[in-house]
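Before any comments, here is the structure.
The figures here come from the full heavy-atom set of this structure, side chains too, leaving out hydrogens, waters and symmetry mates. We name chains A, B, ... by the order of the sequence lines, and we start the count at 1 in each one.
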There are 2 protein chains.
Amino acid sequence: MSVEREISPRTIERLSLYRRLLLPHHEGEDSYIFSHDLAELAGVTATQVRRDFMQLGCMGVPRTGYRIGELLSGISGILDAPAGQRAALVGVGHLGAALLNHFSGRWRWLHIHAAFDRDPDKAGSVIHGCHCFPMSELSTLIRERKIDLGIITVPRDHAQEVANQLIEAGVQGLLNFAPIRLRHGDDIYVENVDLTSAFETVAYFARCRRPSLFISESHRGFPSLDDRKLRGDDVKS
Amino acid sequence: MSVEREISPRTIERLSLYRRLLLPHHEGEDSYIFSHDLAELAGVTATQVRRDFMQLGCMGVPRTGYRIGELLSGISGILDAPAGQRAALVGVGHLGAALLNHFSGRWRWLHIHAAFDRDPDKAGSVIHGCHCFPMSELSTLIRERKIDLGIITVPRDHAQEVANQLIEAGVQGLLNFAPIRLRHGDDIYVENVDLTSAFETVAYFARCRRPSLFISESHRGFPSLDDRKLRGDDVKS
DNA sequence: ATTCATTCGTGAAAGAAATAACGATTGAAA
DNA sequence: TTTCAATCGTTATTTCTTTCACGAATGAAT
Ligand SMILES: NC(=O)c1ccc[n+]([C@@H]2O[C@H](COP(=O)([O-])OP(=O)(O)OC[C@H]3O[C@@H](n4cnc5c(N)ncnc54)[C@H](O)[C@@H]3O)[C@@H](O)[C@H]2O)c1
Ligand SMILES: NC(=O)c1ccc[n+]([C@@H]2O[C@H](COP(=O)([O-])OP(=O)(O)OC[C@H]3O[C@@H](n4cnc5c(N)ncnc54)[C@H](O)[C@@H]3O)[C@@H](O)[C@H]2O)c1
């Protein structure tokens, strides 16, 4: 069981977004939402919302919409590992500490379980509720506590070395904030969060903004709200 | 002049990455690099590197490669505004402070010029070399100092309101870290950095990792290094 | 009951992006 | 000088993603 068909990364990102947007609307068993209303919140088209939910096997009802509770459990069925998942963060600097503050202990099913830093002042302390350990304990702890994700927030020149240690210890996925691309085998999934690219990309497109040349808000798949009709996308004319 | 043809966001992101990776290799006027060597550093195919450079008008020479200095100025010609660009960061909390530390004053042509926070303890202080101002001065300062980018690192429920203020004051691009999608007109470019989606995406694909099912490292366009032949992508057989 | 505007599901079409393929070049080795 | 394998530029192809289009379903209004 677990995962039946391959779901595209873009869809997975949107499901994560949909869940966040839906949660505040989930009031009781009988709350419903229309595809175009969620589409507006998410900055995508209603068609895309419907198509994404098709993959979940969630069916809506014309003139009623989708039952929010059903959507939420459908999404959780895809995104959340039944047994939960644990991450280790390496590099408790400015960015690492911000991430610890935000993510550690936020959800039951996915959380940052331990942090590591080579700085002896940090190792041993508790940062935002998360224990920070010395690097020497990384391998043992990751194995013992069945941590399967790594978050890399060390400086550029240490990122590959840290990635190697994490992979060696058995993690299957990496979230990399260092401004390089890591070398790794096929069996590891790496998601790069490239804040420098993001910053430079905004700068470029903001500059090139003579109206009607660049349409899309973001290539991640969230077109501008104003590009679409405000309600519904396929109304008969 | 400035921008001749529309360059896709994916390509812009890669150009930003290429530049970062090339800088340490730029030693003197006669340093060259082969498309497949840069491809390996960037985690993309050599074909893609060549195609990206085609758009810059940078030509390589068979058996010699691309002149690195030429690539760097070609990329800067695209990415950097001749007059420079200034950003304002709003929300000097955990994440905002980390970004200030990292970006403020890092480059000549693109930097965080001012920060804003509604907390009176923060407004007035200097954080990582960047002045923090009260919200009341946002509009004036953005206009006076010709700031054209906004970085949003306030809590979810304040993000839209802050975006409105920034747009009202005249910024053309937003880098949004809040976990929602902002409403805005066509003339504003918004790049969403969705760390929650990134985290949940890694978790999902790490879990689904029974080898040979999921191939690509990242849908952002950086396939696994091991998917490709180690040297060259189109060697004659 | 009948009508009807809305909303859904989904096959087909379009669009975007990445990869493969291959002739053309070119520096170096014989 | 000739040969040759490496590398380039570019077109064609493939793959992936989004949008269009429209029949079917359905709740509400009459
Ligand atoms: N802070 C940002 O906004 C930002 C933006 C873009 C990219 N990044 C990248 O994120 C990473 C972290 O940035 P930061 O600002 O938090 O840096 P930082 O210097 O504040 O923190 C780095 C931390 O890593 C620890 N460390 C260094 N080498 C280590 C090793 N080998 N093993 C374990 N721990 C080690 C240090 O002790 C420190 O605590 C860097 O790669 C940076 O390029 C950060
Ligand atoms: N820290 C992370 O790792 C992380 C991860 C994912 C998403 N985010 C998002 O990034 C944003 C910031 O996160 P954080 O952890 O830095 O939060 P934080 O609470 O540490 O900082 C928020 C800052 O914004 C200021 N602020 C609040 N309302 C404001 C307003 N109306 N105008 C101006 N300033 C205001 C506060 O004074 C505070 O300094 C949030 O939207 C959060 O959801 C953060």
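Distance CG (B/L38) to C1' (D/dT7): 15 Å, rounded to an integer number of Å. D/dT18 atom C1' lies 8 Å from atom CZ of A/R14, rounded to whole Å. Residue B/M54 contributes atom CE, which lies 15 Å from atom P of C/dT19 at whole-angstrom precision. Rounded to whole Å, atom P of C/dA17 lies 9 Å from atom CD of B/E6. Separating the CZ atom of B/R10 from the P atom of D/dT18 is a distance of 10 Å, rounded to the nearest angstrom. Atom P of nucleotide D/dT11 and atom CD of B/Q55 are separated by 13 Å, given to the nearest angstrom. Atom C1' of nucleotide C/dA18 and atom CD of B/E13 are separated by 15 Å, given to the nearest angstrom. When rounded to the nearest whole Å, the span between NE2 of A/H36 and P of C/dT6 equals 10 Å.
Of all the heavy atoms in A/A178 and A/V154, the pair that sits closest is CB-O, 4.0 Å.
Around NE2 of B/H25, the count of heavy atoms belonging to other residues, nucleotides or ligands within 6.0 Å does not exceed 12.
Between A/R50 and C/dG9 there is no side-chain N or O to OP1 or OP2 distance below 4.0 Å. Residue B/T45 places at least one side-chain N or O closer than 4.0 Å to OP1 or OP2 of C/dT19. Put simply, A/S35 has a side-chain N or O that comes within less than 4.0 Å of OP1 or OP2 on C/dC8. Remark: B/Q48 is not in phosphate contact with C/dA17, judged by side-chain N or O atoms under 4.0 Å from OP1 or OP2. In this model, the phosphate group of D/dC8 is not approached by any side-chain N or O of B/Y32 to a distance below 4.0 Å at OP1 or OP2.
Under a 4.0 Å N-O distance rule, the pair A/R10/A/D52 does not qualify as a salt bridge.
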- Query: What string of B, S and - do you get for nucleotides 25-30 of chain C, 5' to 3', if B is base contact, S is sugar-phosphate-only contact and - is no contact with any protein heavy atom under 4.0 Å?
  - Reply: BBB---

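The nucleotide whose nearest atom lies closest to any side-chain atom of B/M59 is, among D/dT17, D/dT10, D/dC8, D/dT10.
Applying the ring-ring contact (aromatic ring centres under 6.0 Å, His included) test to every pair with at least one member in residues 45-91 of chain B, sequence neighbours left out, gives these pairs: B/Y18-B/F53, B/F53-B/Y66.
Two residues are said to be in side-chain contact when any heavy atoms from C-beta on lie closer than 4.5 Å; B/I112 and A/F199 meet this criterion.
Nucleotides of DNA chain D nearest to A/R51 and B/F53 differ in position, and the one nearer the 5' end is that of B/F53.
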- Item | From CA spacing to verdict: side chain to side chain donor-acceptor pair (under 3.5 Å), A/R51, A/T11 | CA-CA 9 Å; A/R51 183 159 290 265; A/T11 303; over 6 Å; no

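At distances below 3.5 Å, at least one donor-acceptor pair connects side-chain atoms of A/S73 with backbone N or O atoms of A/G69.
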